[in-house]
Asks: 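Just passing along the structure, written as structure tokens.
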Amino acid sequence: SVTRTMWPMEKVECNLQALLAKAGATPGRLAVLLTTGGMNPVHRGHVALLHQAAARLQAKGYNVIGAWLSPSHDKYLQPKARSLGTIGLTAPFRIAAATGALASDPFVAVGHWESDTSVHPNSWPDFPEVCEALQRELAGHAMLTEAVVFYACGTDHALKCGLYRGGRSWGVVVVPREGEKAKPERPDKLVFVAEPAQGEIASFSSTKVRKALKNKDQAFIASALSPEAAVFLLSPTTEEFNHFAADYRKLEVTAAGGTSALVPADTSAARPPSKQPRQILISLSSLLKRFDHKGEELLQHLPPDALFFFGSKRSWVFPSNEAELRESRSENPSYTSGVVVGSNGSIDVTKAKYKLIRDLILEKEARGEVIFLKPPGFKYNGSLYHGDPSAFARVSEWLVTCDDPVTGEKCKPLKLDAAWWRTEWDRTTSKYTDCVMAIVKNFENGAHDYAPVMELLHQSNPTVVIVI
């Protein structure tokens with residue numbers, strides 16, 4: 001049917017299989033979530049709303065096996081964008097950006113039914129129709145016929161549309177913003193109220209994302225969406241650029257490859273060469289993705305004095321034996337793509353896909369321009385906040401050996417005093433996140449969550465340009 005292609009089911013089916021493996025043949029009360037909106041473009045706040053809603057339903061005894069973001073139809077969004085004086089990205093482009101942003105999310109997918117013009121050529125469907133369309137889709141899957149659809153939204157939408165009353169064939173989960181007060185739950189009417197999202201996620205908005213797009217601020221876009229989505233939006237491949245040429249013109253991206261993410265928009269071309277800010281790249285996986293898009297051209301645009309601060313272990317990039325190669329592959333197969341174990345048991349890198357990047361890292365490492373956050377021998381368990389508590393102290397010791405060309409001095413040490421962040425820091429000066437708890441937790445645990453890392457670097461050395 002048409003709707004089967006409009007509601008990607010891979011994540012739901014995977015989560016259902018995992019649930020059945022754990023719970024047996026009786027998976028309990030199943031639920032899925034849906035939220036609608038312009039997604040012009042999508043950001044992590046939209047995704048967080050669904051995760052917060054899922055947490056509330058799980059606490060109430062539901063097994064939530066998936067969720068969908070459903071971008072609005074162009075006949076709704078384009079007039080609204082014009083009335084607000086903002087750009088209106090087309091539905092296919094918004095879907096592509098959202099799909100990229102959600103590539104690594106095991107729970108949330110992107111629904112196409114609402115925005116598809118072949119289904120709705122002359123009008124746009126309102127959210128109740130979208131909920132009912134998802135119900136019809138689930139009814140076509142034997143294991144999902146009893147799954148309850150819950151619509152997730154904010155307090156304003158719930159109040160305006162009378163959603164607190166319940167009484168529909170689908171449920172509602174209201175997700176307030178921090179500081180907002182929602183009406184009471186009505187479980188008998190399938191109406192629930194979730195906890196608000198915390199920290200920097202709660203501060204993201206499509207308005208901020210559009211401003212960052214205008215400024216070509218790839219670091220913010222990577223933090224607010226994902227590194228993959230940032231590359232798609234600002235550094236498209238030739239195929240992407242040709243397919244979405246009108247949307248890229250709206251974003252003032254005028255050619256495949258876009259404006260180099262390694263030359264941020266706020267870098268003044270009028271500065272003398274000796275005063276160019278020093279860049280610090282904090283994501284090896286993102287660097288590899290850019291290399292996939294631009295090849296050797298990327299290396300030509302990389303400033304010779306750029307610093308590399310990677311969250312991985314060195315052995316994940318340069319394994320010395322088969323065991324380290326297996327560990328590297330389990331963390332990120334891209335690091336050692338093309339690397340093999342030779343007949344004598346040694347590591348053979350002659351066909352390494354990213355040999356040019358590997359050689360550059362070794363060259364810069366010899367000059368003291370590279371540091372890996374996780375120390376040798378560290379056994380990473382995959383958790384975001386699992387790290388070496390002394391890691392950032394080592395990074396700070398390394399950083400003060402590096403020159404800051406803007407100040408003419410060495411870089412300053414990292415601000416690793418938790419009390420300073422909690423009592424002295426002026427949060428209005430934040431650039432990437434103002435969530436003190438996340439920043440402190442990140443450096444105290446030796447973790448590498450992008451926004452807290454970038455804020456720590458920025459507050460410690462505001463003249464350094466941070467690139468994801």
Side-chain angles (χ1 to χ4, degrees), residues 3 6-9 11-16 18-20 23 26-37 39 42 45-72 102 105-115 125-177 180-197:
T3 54
M6 301 297 169
W7 300 100
M9 300 298 293
K11 294 181 182 182
V12 162
E13 290 170 353
C14 182
N15 292 332
L16 177 60
L19 177 63
L20 291 172
T26 53
R29 290 192 297 173
L30 296 179
V32 298
L33 282 154
L34 166 71
T35 192
T36 60
M39 319 289 171
V42 72
H46 296 125
V47 184
L49 177 128
L50 290 167
H51 282 280
Q52 294 299 113
R56 184 56 186 156
L57 292 178
Q58 291 283 160
K60 299 301 289 187
Y62 287 92
N63 287 318
V64 187
I65 54 174
W68 287 268
L69 289 170
S70 178
S72 300
L102 294 170
D105 190 305
F107 179 71
V108 184
V110 183
H112 304 196
W113 183 87
E114 178 182 358
S115 62
D126 205 357
F127 72 95
E129 298 172 72
V130 186
C131 291
E132 291 162 6
L134 180 53
Q135 287 178 314
R136 292 193 298 272
E137 169 67 16
L138 298 180
H141 296 259
M143 293 296 295
L144 301 175
T145 56
E146 300 299 319
V148 181
V149 173
F150 282 88
Y151 182 70
C153 65
T155 53
D156 289 346
H157 188 73
L159 191 63
K160 176 184 176 183
C161 299
L163 297 183
Y164 287 106
R165 293 194 298 268
R168 296 169 172 82
S169 61
W170 38 270
V172 174
V173 185
V174 181
V175 185
R177 292 181 180 272
E180 288 182 340
K181 186 172 178 60
K183 286 189 174 184
E185 290 187 339
R186 300 185 66 184
D188 60 315
K189 299 292 185 180
L190 296 181
V191 177
F192 298 95
V193 177
E195 292 293 321

Asks: Around atom NZ of K189, are there more than 12 heavy atoms from other residues, nucleotides or ligands closer than 6.0 Å?
Replies: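 Check fails, neighbour count at 12 or below.
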Asks: Which pair of non-hydrogen atoms, one from P8 and one from H112, has the smallest distance, and what is that distance?
Replies: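 Result for this residue pair: CG-NE2, 4.4 Å.
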Asks: Which atom names give the shortest non-hydrogen contact between V193 and P176, and what distance separates them?
Replies: CG1-CD, 4.2 Å
Asks: Using atom types as modelled and distance alone, determine if a side-chain donor or acceptor of R29 lies under 3.5 Å from a backbone N or O of K60.
Replies: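 Present.
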Asks: Taking only residues two or more places apart in sequence, or in another chain, which ones meet Y62 in a ring pair (Phe, Tyr, Trp, His ring centres under 6.0 Å)?
Replies: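 Only F150 meet the ring pair (Phe, Tyr, Trp, His ring centres under 6.0 Å) criterion with Y62.
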Asks: Above 12 or not: heavy atoms from other molecules or residues under 6.0 Å from CD of E146?
Replies: no
Asks: Can you name the closest pair of heavy atoms from A152 and A53 and give their distance?
Replies: CB-CB, 4.0 Å
Asks: Of the non-hydrogen atoms in W68 and L138, which two are nearest, and what is the gap between them?
Replies: CH2-CD2, 4.5 Å
Asks: Has the side chain of T36 got a donor or acceptor atom that lies under 3.5 Å from a matching backbone atom of S70?
Replies: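 Looks like no, no N/O pair under 3.5 Å.
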Asks: Ignoring hydrogens and geometry, is there a side-chain-to-backbone donor-acceptor pair from Q52 to L49 under 3.5 Å?
Replies: no
Asks: Could you tell me if the side chain of R136 sits less than 4.5 Å from the side chain of W113, heavy atoms only?
Replies: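 Result yes, sub-4.5 Å side-chain heavy-atom pair found.
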Asks: Residues in ring pair (Phe, Tyr, Trp, His ring centres under 6.0 Å) with H157, at least two apart?
Replies: F127, Y151
Asks: For the residue pair F107 and V64, what are the closest heavy atoms and their distance?
Replies: CZ-CG1, 3.4 Å
Asks: In a table with atom names and distances, give each donor-acceptor pair under 3.5 Å that connects a side chain of residues 161-174 to protein atoms at least two apart or in another chain.
Replies:
from: Y164; atom 1: OH; to: K183; atom 2: N; distance (Å): 3.4
from: S169; atom 1: OG; to: Q135; atom 2: OE1; distance (Å): 3.3
from: S169; atom 1: OG; to: Q135; atom 2: NE2; distance (Å): 3.3

